[in-house]
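All remarks here apply to the structure that follows.
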Amino acid sequence: VLSWNLLIKACSKSGQFGQCIELYVQMQRAGFEPDEFTLPCIINACAGLRSLPAGQAVHAQVLKSEQHSNLYINSALIHMYAHCGRIIHAKKVFDEMDDRDLVSWNSIVSGFMKEDGYEEALIVFSTMRFSDVEPNESTLSSVIPACGRLFKLHLGRAIHGEAIKLGDAMSGDVSVNSSLVFMYSKCRDMDSARRVFASIPGRNVVSWNAMLSGYAQNKQGNEAWNLFREMQMEGYEAS
RNA sequence: UUGCAACUC
């Protein structure tokens with residue numbers, strides 16, 4: 001089973017999701033039971049293919065197996081349903097889980113984000129906080145942009161404050177900081193956006209794009225142009 | 001050997 005799992009994972013990594021399904025069928029034909037390592041991979045492949053029928057078939061197998069309360073499998077299922085545009089099903093899996101970990105929460109939050117369910121994402125986030133689960137950089141990178149899209153500057157600031165309290169791993173993270181730049185730009189607080197942007201240690205192309213499109217949206221053409229030139233000087237190409 | 005996240009497009 002280990003060899004099959006490694007093979008499936010390798011295909012999944014290179015985006016060969018159809019091949020994953022193929023191997024999955026073959027391994028079962030060869031008499032091997034998919035285990036708790038196989039299933040998350042294969043569910044991810046279904047998500048990659050946006051194949052709801054395949055995803056549902058694997059889900060049905062999961063329910064019949066011993067693995068139906070595995071955290072990895074359930075997070076993968078949430079992710080898969082969200083990817084296939086079935087946030088209702090994703091939420092159902094989430095609600096029916098006996099215990100949830102941080103990734104379960106993050107999966108349902110990002111599921112709502114994918115469907116433009118910004119309000120819902122923030123509601124889930126607040127119940128998550130109420131359940132005493134501490135967010136990580138994935139959580140914040142989903143939830144901060146949600147504030148931006150809803151123009152909730154106060155909430156955004158509050159979450160920014162929380163990120164700082166959570167320490168360096170959080171407040172020094174590129175994704176979190178790029179999200180903050182995006183959120184402040186959307187909320188037209190360009191001073192804060194600029195301040196965060198300037199403080200990002202390992203700025204990447206996403207940080208630059210967030211700042212640039214912020215200027216563009218706020219009709220600050222000159223600032224945008226200057227920044228664009230600066231970006232080129234740091235060796236980034238236009239995108 | 002397994003699951004989640006940021007901008008633009």
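Chain letters run A, B, ... following the sequence lines, proteins first, then strands; residues in each count from 1.
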With respect to the side chain of [X], which nucleotide from [options] is positioned closest?
| X | options | answer |
| --- | --- | --- |
| F182(A) | rG3(B), rA5(B), rC7(B) | rC7(B) |
| S175(A) | rG3(B), rU8(B), rA5(B) | rA5(B) |
| S178(A) | rU2(B), rA6(B), rC7(B) | rA6(B) |

Nearest-Å distance, [atom1] ([X]) to [atom2] ([N])?
| X | N | atom1 | atom2 | value |
| --- | --- | --- | --- | --- |
| D35(A) | rG3(B) | CG | C1' | 14 Å |
| E237(A) | rC7(B) | CD | P | 22 Å |
| I144(A) | rC4(B) | CD1 | P | 20 Å |
| M113(A) | rA5(B) | CE | P | 12 Å |
| D116(A) | rA6(B) | CG | P | 12 Å |
| L7(A) | rU2(B) | CG | P | 15 Å |
| I108(A) | rA5(B) | CD1 | P | 13 Å |
| D173(A) | rA5(B) | CG | C1' | 9 Å |

Which residues within [range] lie with some heavy atom under 4.0 Å of an atom in RNA chain B?
| range | answer |
| --- | --- |
| residues 200-218 of chain A | N204(A), V206(A), N209(A), A210(A), S213(A) |
| residues 58-72 of chain A | L71(A), Y72(A) |
| residues 79-101 of chain A | H79(A), D101(A) |
| residues 119-143 of chain A | E137(A), S138(A), S141(A), S142(A) |
| residues 10-22 of chain A | none |

rA6(B) phosphate, OP1 or OP2: any side-chain N/O from K186(A) under 4.0 angstrom?
no
Between the side chains of K91(A) and D95(A), is the shortest nitrogen-to-carboxylate-oxygen separation below 4.0 Å, so that they form an ion pair?
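Answer for the salt bridge query: yes.
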Side chain to side chain donor-acceptor pair (under 3.5 Å) involving [X] - partner list, sequence neighbours excluded:
| X | value |
| --- | --- |
| R188(A) | N218(A) |
| E162(A) | R129(A) |
| N70(A) | none |

[X]: side-chain contact (heavy atoms from CB on, under 4.5 Å) partners, not counting sequence neighbours:
| X | value |
| --- | --- |
| F17(A) | S12(A), A45(A), L49(A) |
| F228(A) | L212(A), W225(A), M231(A), Q232(A), A238(A) |
| V206(A) | S178(A), N204(A) |

Restricting to pairs with a member in residues 38-62 of chain A, which pass side-chain hydrogen bond (donor to acceptor under 3.5 Å, both in side chains), not counting sequence neighbours?
N5(A)-T38(A), Y24(A)-Q61(A), D35(A)-T38(A), N44(A)-H79(A), R50(A)-H83(A), H59(A)-Y81(A)
Can a donor-acceptor pair be found, under 3.5 Å and without considering hydrogens, that links the side chain of [X] to the backbone of [Y]?
| X | Y | result |
| --- | --- | --- |
| S131(A) | V133(A) | no |
| N177(A) | V196(A) | no |
| R203(A) | A198(A) | yes |

Base, sugar-phosphate or nothing for S179(A)? Non-hydrogen atoms, less than 4.0 Å.
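The answer is sugar-phosphate, as S179(A) gets under 4.0 Å only of primed atoms, P, OP1 or OP2.
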Mind checking L2(A) for me? I need base, sugar-phosphate or nothing, with any heavy atom below 4.0 Å counting as a touch.
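If one applies the 4.0 Å heavy-atom cut-off, L2(A) turns out to touch a base.
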When you compare the side chains of D116(A) and Y118(A), does any donor N or O come within less than 3.5 Å of an acceptor on the partner?
yes
Hey, can you tell me if F94(A) and W105(A) have their rings parallel, tilted or perpendicular (30° and 60° cut-offs)?
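Judged by the thresholds at 30° and 60°, the geometry between F94(A) and W105(A) is perpendicular.
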Mutual orientation of the aromatic rings belonging to Y236(A) and W208(A) [parallel < 30°, tilted 30-60°, perpendicular > 60°]:
tilted
Tell me whether the count of non-hydrogen atoms from other residues, nucleotides or ligands lying under 6.0 Å of CD1 in I88(A) goes above 12.
no
If hydrophobic clusters are built by linking Ile, Leu, Val, Met, Phe, Trp and Tyr wherever their side-chain heavy atoms come under 4.5 Å apart, do V176(A) and Y184(A) end up in the same one?
yes
Any heavy-atom pair between the side chains of L23(A) and C11(A) that's under 4.5 Å?
yes
